[in-house]
Amino acid sequence: MSNTVFTTDELEMPCPECKGKGEIVSHGKSTSCTKCEGKGVIMTGLGQTLLHFVKKHL
Ligand SMILES: [Zn+2]
């Protein structure tokens, strides 16, 4: 796999809701971020397109 077409930055980006931490801290308690499901990253439009394509052809 030496020929990388996409970088991960193009497929996912840090979640703006939790700032990439995957959890939201409020009132001293941390809860898993619902927007990114605790992953800390959310998929970009290109990432979704690629995932859709991969699922379709597997
Ligand atoms: Zn998040």
Side-chain angles (χ1 to χ4, degrees):
M1 292 284 264
S2 57
N3 188 11
T4 307
V5 182
F6 302 112
T7 66
T8 52
D9 281 359
E10 287 175 283
L11 303 179
E12 60 186 20
M13 58 181 185
C15 176
E17 197 81 8
C18 60
K19 309 274 192 296
K21 292 190 185 77
E23 55 183 33
I24 309 260
V25 180
S26 62
H27 307 293
K29 285 173 69 179
S30 64
T31 50
S32 187
C33 177
T34 51
K35 191 175 176 76
C36 63
E37 297 170 332
K39 289 190 290 249
V41 289
I42 55 170
M43 215 175 271
T44 63
L46 180 63
Q48 286 175 2
T49 303
L50 196 69
L51 185 69
H52 182 76
F53 180 86
V54 168
K55 277 184 174 170
K56 199 169 142 188
H57 291 279
L58 272 178

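Both ligands and their constituent atoms are indexed starting at 1 by order of listing.
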- prompt: Any donor and acceptor pair, going by atom type alone, linking the side chain of T44 with main-chain N or O of L11 inside 3.5 Å?
  reply: yes

statement: Near the Zn ion (ligand 1), protein N/O/S count under 2.8 Å comes to 4

Nearest-0.5 Å distance, CD1 of residue I42 to SG of residue C33: 9.0 Å

query: If you measure from NE2 on H57 to NE2 on H52, what distance do you get to the nearest 0.5 Å?
result: 8.0 Å

message: How close do P14 and G20 get, counting heavy atoms only, and between which atoms?
response: CB-CA, 4.3 Å

- prompt: Just by modelled atom types, is the T7 backbone N or O under 3.5 Å from a matching donor or acceptor in the E10 side chain?
  reply: yes

- prompt: Looking at CE of M43 and OG1 of T49, how far apart are the two atoms once the value is rounded to the nearest 0.5 Å?
  reply: 10.0 Å

